[in-house]
Amino acid sequence: MKEISQQFDVAHNFVSVLEKDDSMSPGIAAIKTLLMVLEKTKFDTVQELHSTIQSAVRAMRDTDKPMTSVVSGTELFSRFITLAKFDDKTMDEVRDIMLRRGKMFLTKLLESRNVIAKQAIAFISDGCRILTHARSRTVREALILAAQHNKRFHVFITHSAPECGNPNGTISDGQQMASELEKAGIECTIILDASVGYVMETVDMVLVGSEGVVESGGIINRIGTVTMAICAKEMKKPFYVLVESFKFCRLYPLNQRDLPDDYKYRKSDLANKAKAHPMVDYTAPGYITLLFTDLGILAPSAVSDELIKLYL
């Protein structure tokens with residue numbers, strides 16, 4: 001196996017890609033990093049290529065970035081680029097084929113948010129009041145697109161703890177989301193996370209993003225999402241999830257304890273996780289009304305069928 005660390009610092013480039021583009025999810029950054037690995041590393045065998053990709057994924061999982069979409073995105077990427085026939089091909093030809101397929105895969109993923117936003121705006125009506133959790137890039141794009149279609153609405157945004165989001169810790173993710181929406185002319189109110197139950201009875205719907213969608217149709221997302229979902233269910237408010245299909249992951253958690261530790265905690269916190277605060281929680285499918293994805297608008301029960309198609 002190639003020692004890619006001598007040629008290309010995977011972890012450094014992964015973190016660098018994320019820091020240069022604040023609108024990028026860790027999963028997309030991981031796929032871009034794998035494309036760089038393919039471009040910069042020479043291989044003698046297909047097995048060596050596979051081993052190098054696996055090594056690169058392990059290097060990215062050793063960083064402090066959220067891992068849910070990194071795992072699902074890199075699994076789908078690896079599967080997609082190896083679907084071609086490689087009989088009678090030289091290794092240079094194999095690498096070129098994989099690079100072409102990888103870039104095609106990335107291009108499709110980069111269009112996902114716009115596809116999702118177009119689906120979601122049909123559910124946003126003039127005068128409605130929307131509750132969202134912290135900062136979701138996909139939700140942000142949908143709300144801005146709705147505003148560009150001359151829809152007027154008010155968004156309530158949970159504050160969310162700075163240590164769970166922005167690396168500089170100067171403002172919370174909720175404050176950043178509000179600032180981005182207000183620049184687009186959208187009226188916003190930042191609320192305390194603890195006031196979700198109080199605000200819920202005044203809103204028309206809940207829109208959240210997701211770091212991962214599991215086989216049952218439940219989601220893994222920013223800590224506090226399950227609390228919001230339970231309140232929405234109790235007060236009969238629709239709970240919508242906006243999420244890209246590359247975040248569909250082969251997991252079947254039944255409760256919070258079933259989530260992998262490296263999804264819940266930063267790498268630097270794993271040694272002392274008893275005192276660490278989890279970054280994400282699990283929301284069961286029974287609390288979710290619909291999922292808006294680049295594969296279409298799905299009921300939670302339809303997710304398992306879509307996962308099977310993705311991995312066939």
Side-chain angles (χ1 to χ4, degrees), residues 1-21 23-115 211-213 215 244-251 260 262-263 267 293-295 306-312:
M1 186 181 75
K2 298 291 184 187
E3 291 293 332
I4 58 174
S5 59
Q6 295 178 4
Q7 305 174 39
F8 181 74
D9 189 331
V10 172
H12 172 78
N13 278 273
F14 168 61
V15 172
S16 178
V17 168
L18 276 174
E19 290 177 348
K20 286 177 183 175
D21 187 352
S23 68
M24 188 177 299
S25 77
I28 294 291
I31 289 166
K32 285 195 167 189
T33 303
L34 288 184
L35 282 171
M36 286 188 245
V37 170
L38 285 174
E39 287 175 342
K40 296 178 181 295
T41 310
K42 290 288 186 181
F43 307 98
D44 298 321
T45 66
V46 173
Q47 182 58 43
E48 192 177 69
L49 186 150
H50 283 301
S51 298
T52 302
I53 288 176
Q54 290 169 5
S55 177
V57 173
R58 286 194 297 271
M60 288 185 280
R61 293 185 73 165
D62 276 338
T63 68
D64 262 358
K65 298 301 180 182
M67 282 297 111
T68 309
S69 66
V70 171
V71 176
S72 60
T74 54
E75 280 187 2
L76 282 170
F77 173 84
S78 299
R79 182 162 184 77
F80 185 79
I81 66 171
T82 56
L83 285 176
K85 294 185 181 296
F86 298 129
D87 299 341
D88 304 322
K89 303 288 184 184
T90 67
M91 277 310 300
D92 284 341
E93 290 172 332
V94 169
R95 191 175 69 151
D96 288 343
I97 291 169
M98 288 189 172
L99 275 170
R100 283 199 302 273
R101 290 185 65 83
K103 289 174 181 177
M104 186 193 313
F105 183 75
L106 178 61
T107 298
K108 183 179 178 183
L109 296 189
L110 292 174
E111 296 169 354
S112 297
R113 284 184 196 159
N114 188 49
V115 172
E211 293 193 18
V213 180
E215 293 179 44
E244 305 97 316
S245 62
F246 76 85
K247 295 179 180 179
F248 284 24
C249 48
R250 292 185 290 181
L251 284 175
D262 61 345
Y263 287 24
K267 182 71 175 180
T293 79
D294 48 297
L295 303 176
E306 295 300 330
L307 257 169
I308 291 170
K309 293 176 188 176
L310 286 172
Y311 283 94
L312 274 179

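Reckoned from all heavy atoms, side chains included, excluding hydrogens, waters and symmetry mates.
- Scored by the side chain to side chain contact (heavy atoms under 4.5 Å, CB included) test, Glu111 finds Thr107 as partners (sequence neighbours excluded).
- Remark: of the listed residues Ile53, Ile81, Leu106, Thr52, Ile53 is the sole one forming a side chain to side chain contact (heavy atoms under 4.5 Å, CB included) with Leu34.
- Remark: Gln54 engages Arg58 in a side chain to side chain contact (heavy atoms under 4.5 Å, CB included) (not counting sequence neighbours).
- Residue Leu76 holds its CG atom at 5.0 Å from CZ of Phe105, rounded to the nearest 0.5 Å.
- When atom types are taken as modelled, the side chain of Thr63 and the backbone of Met60 share a donor-acceptor pair closer than 3.5 angstrom.
- Listed here is the closest heavy atom pair of Ala29 and Val17: CB-CG1, 3.8 Å.
- To the nearest 0.5 Å, the span separating NZ on Lys247 from CD1 on Ile28 amounts to 8.5 Å.
- In this structure the side chain of Phe14 reaches within 4.5 angstrom of the side chain of Val70, judged on heavy atoms.
- Of the possible donor and acceptor atoms, one in the side chain of Ser69 sits under 3.5 Å from a partner among the backbone N and O of Gly27.
- Residues Thr74 and Ala30 come closest through the heavy atom pair CG2-CB, 3.7 Å.
- Taking Asp262 as the reference, Arg61 meet the side-chain hydrogen bond (donor to acceptor under 3.5 Å, both in side chains) condition, with sequence neighbours excluded.
- Checked by atom type and distance alone, the side chain of Ser55 never pairs as donor or acceptor with a backbone atom of Ser51 at under 3.5 Å.
- Listed by chain and number, the residues in a side chain to side chain contact (heavy atoms under 4.5 Å, CB included) with Ser16 are Lys20 (sequence neighbours excluded).
- Ser72 OG to Phe248 CZ: the interatomic distance, rounded to the nearest 0.5 Å, is 10.0 Å.
- Taking the salt bridge (charged side-chain N to carboxylate O under 4.0 Å, His left out) definition, one finds that Glu39 meets it with Lys103, sequence neighbours left out.
- Evaluation of the side chain to side chain contact (heavy atoms under 4.5 Å, CB included) rule for Thr68 yields Glu211, Ile220, Tyr263 as partners, not counting sequence neighbours.
- Side chain of Arg101 to backbone of Phe80: a donor-acceptor contact under 3.5 angstrom is found.
- Annotation: salt bridge (charged side-chain N to carboxylate O under 4.0 Å, His left out) contacts of Arg100 (sequence neighbours excluded): none.
- In this structure, the side chains of His50 and Thr82 come closer than 4.5 Å at one or more pairs of heavy atoms.
- Nearest heavy atom pair, residue Thr45 against residue Glu48, reads OG1-N, 3.0 Å.
- Checked by atom type and distance alone, the side chain of Thr41 never pairs as donor or acceptor with a backbone atom of Leu38 at under 3.5 Å.
- Applying the side chain to side chain donor-acceptor pair (under 3.5 Å) test to every pair with at least one member in residues 25-34, sequence neighbours left out, gives no pairs at all.
- Atoms OG and NZ, from Ser245 and Lys108 in turn, are 6.5 Å apart once rounded to the nearest 0.5 Å.
- Taking every heavy atom of both residues into account, Val37 and Ala56 meet most closely at CG2-CB, 4.1 Å.
- Applying the side-chain hydrogen bond (donor to acceptor under 3.5 Å, both in side chains) test to Asn13 and every residue at least two apart in sequence or in another chain returns nothing.
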For Lys65 and Val15, what are the C-alpha separation, side-chain angles and deciding distance, and is it a side-chain contact (heavy atoms from CB on, under 4.5 Å)? CA-CA 8 Å; Lys65 298 301 180 182; Val15 172; 4.1 Å; yes
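- The CD atom of Glu306 lies 7.0 Å from the OG1 atom of Thr293; values are rounded to the nearest 0.5 Å.
- Residues that satisfy the side-chain hydrogen bond (donor to acceptor under 3.5 Å, both in side chains) test with Asp62, not counting sequence neighbours, are Lys267.
- Pro260 places none of its side-chain heavy atoms less than 4.5 Å from the side chain of Val71.
- In this structure a side-chain-to-backbone donor-acceptor pair under 3.5 Å is missing from Asp294 to Glu244.
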